[in-house]
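See structure below.
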Amino acid sequence: MTRVLLLGGTGDALKIARQLTPQDIYSLAGLGRVPDDLPCAVRVGGFGGSDGLAQYLDAEGIDLLIDATHPYAAQISANALTAAQRAAVTVWALRRAPWQPRPGDDWRVVSDWRAVCKALTSFSRPLFTLGRAPLDHLDTIAAHQRWVVRCLDAHPGNAQAVVIGARGPFTHESERALFAQYEIDVVVSKNSGGAATEAKLDVARERGLPVVMLTRPEAQQGIAPERTFESGAALLAALGALRAEARVRNIQTSWRGNEV
Ligand code: NAP
């Protein structure tokens, strides 16, 4: 039987984890909630870099490593490829397609925090949806700005910043209410893709607001996953097929064994 280690921390990964078996393992960094109702084992915390992950793959007898981490979690994805190569384990990756700008969108595409700040200079009420990163910069907010920072957990803000702890999915209604409440004049976003957090882009378009879009991190050069899927459903179908093939092979092997 193919033993799976699933690297997660996203809604898509959780959906895959719900379809795993007791011998499989779902791995989380430990930043969010740890589910206690999964059919597979759950482990929490880093492995200690690619070396630690390679050792873990070996020690646990993992046959298939599935990277279903967030598109901006570049370190763990790079570690997964390096470790799997070292441990001679197959890697599959779930890579959500990025959002594409639609008619009426005004995206300002930037590649780092400095460029984010530069793109925001003429705005006064940005909504940050970049996770925790803006929290390190709350003391540097320009005098004319009031920030709204949305991340997974609530944190203290300051006189110029409100920090909202909230987990998607977000509806159009709730996004409209948030934009109106704080008089948001620009949105700052990762290009995460997927439906769960897309409503903010629709609401920005409705209100004629620009979106400062942080580009995705570069993929690891030189090594690639054996297979890449754009949806959890496609990945689960492939996993089902792989397991069915393995069952047939096992039956054939045991028949041949009986013949000897
Ligand atoms: P990262 O920079 O790529 O990873 C930092 C370190 O965290 C890794 O080197 C690894 O530690 C540990 N780690 C990350 N994911 C892990 C997992 N699933 N299981 C075990 N260890 C893991 O990741 P990040 O951007 O901080 O994100 C952390 C987690 O949050 C990821 O699992 C990701 O799927 C989830 N997440 C991230 C974002 C985002 O925007 N970055 C958004 C939503 C969810 P060791 O080197 O010690 O193994």
Side-chain angles (χ1 to χ4, degrees), residues 4-18 20 24-35 38 40-60 62 64-87 89 91-96 98-99 110-113 116 127-136 149-153 155 164-170 187-198 200 212-220 223 225 228-229 232 235:
V4 169
L5 173 63
L6 171 66
L7 302 173
T10 60
D12 289 337
L14 186 58
K15 283 185 196 152
I16 296 172
R18 294 202 185 285
L20 294 181
D24 301 319
I25 305 168
Y26 180 45
S27 175
L28 290 165
L31 303 178
R33 285 194 201 119
V34 179
L38 295 181
C40 59
V42 180
R43 68 163 299 287
V44 180
F47 296 94
S50 58
D51 286 347
L53 179 53
Q55 280 166 22
Y56 185 89
L57 293 172
D58 207 30
E60 293 292 332
I62 301 297
L64 175 63
L65 177 60
I66 298 178
D67 175 10
T69 59
H70 191 270
Y72 285 72
Q75 187 60 58
I76 187 70
S77 292
N79 290 353
L81 289 173
T82 310
Q85 190 177 57
R86 208 168 293 162
V89 166
V91 192
W92 290 358
L94 179 61
R95 295 278 176 261
R96 267 186 253 163
W99 294 312
V110 297
S111 58
D112 58 24
W113 178 257
V116 168
L127 168 64
F128 287 89
T129 60
L130 298 175
R132 291 179 177 81
L135 301 180
D136 295 337
V149 178
R150 181 167 68 194
C151 53
L152 283 183
D153 301 302
H155 288 263
I164 299 171
R167 292 159 196 264
F170 300 107
V187 178
V188 189
S189 179
K190 293 178 177 175
N191 194 338
S192 301
T197 58
E198 196 179 11
K200 65 188 167 191
V212 175
M213 187 66 84
L214 189 64
T215 52
R216 286 190 174 192
E218 296 277 315
Q220 165 99 321
I223 349 178
T228 302
F229 302 86
L235 191 150

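In listed order, ligands and their atoms are each counted from 1.
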Do Gln75 and Asn79 pair up side chain to side chain, a donor and an acceptor below 3.5 Å, judged on atom types alone? yes
Please determine whether any non-hydrogen atom of [X] lies less than 4.0 Å from an atom of ligand 1.
| X | answer |
| --- | --- |
| Leu28 | yes |
| Ala74 | yes |
| Gly48 | yes |
| Gly45 | yes |

What do you reckon, does [X] have a nitrogen or oxygen under 3.5 Å from a nitrogen or oxygen of ligand 1?
| X | result |
| --- | --- |
| His70 | yes |
| Ala73 | yes |
| Thr69 | no |
| Ser77 | no |
| Arg43 | no |

Among protein heavy atoms, which lies nearest [atom], and at what distance?
| atom | answer |
| --- | --- |
| atom 46 (O) of ligand 1 | Gly49 N, 3.1 Å |
| atom 11 (O) of ligand 1 | Gly46 CA, 3.5 Å |
| atom 5 (C) of ligand 1 | Gln75 CB, 4.2 Å |
| atom 44 (C) of ligand 1 | Gly9 O, 3.2 Å |
| atom 48 (O) of ligand 1 | Phe47 N, 2.7 Å |
| atom 29 (C) of ligand 1 | Ala29 CB, 3.8 Å |
| atom 32 (O) of ligand 1 | Gly8 O, 2.8 Å |

Please compare Leu31, Leu5, Ile76 and report which has the shortest non-hydrogen distance to atom 30 (O) of ligand 1.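 Ranked by closest heavy atom to atom 30 (O) of ligand 1, first place is Leu31.
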Could you pull out, from Lys190, Arg167, Arg132, the option with a heavy atom nearest to atom 40 (O) of ligand 1?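 Considering heavy atoms of Lys190, Arg167, Arg132, the nearest to atom 40 (O) of ligand 1 sits in Lys190.
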Ligand 1 atoms in contact with Ser27 (distance to a heavy atom under 4.0 Å):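 In order of numbering, the contacting atoms are 17 (C), 18 (N), 19 (N), 20 (C).
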At a 4.0 Å threshold, what atoms of ligand 1 neighbour a non-hydrogen atom of Tyr72?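 Checking each atom against Tyr72, I get 25 (O), 40 (O), 41 (N).
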Test item: [X] side-chain N/O and [Y] main-chain N/O as donor-acceptor pair under 3.5 Å:
| X | Y | result |
| --- | --- | --- |
| Tyr72 | Leu214 | yes |
| Ser27 | Leu6 | no |
| Thr129 | Arg150 | no |
| Arg96 | Gly193 | yes |
| Arg33 | Pro35 | no |
| Trp92 | Thr228 | no |
| Asn191 | Pro98 | no |

Is any side-chain heavy atom of [Y] closer than 4.5 Å to one of [X]?
| X | Y | value |
| --- | --- | --- |
| Met213 | Val110 | no |
| Ile25 | Cys40 | no |
| Leu81 | Gln85 | no |
| Arg216 | Lys190 | no |

For Asn79, which part has a heavy atom under 4.0 Å from ligand 1: side chain, backbone, both, or neither? side chain
Going by the side chain to side chain contact (heavy atoms under 4.5 Å, CB included) test, name the single residue among Asp67, Leu53, Leu64 that passes it with Leu5. Leu53
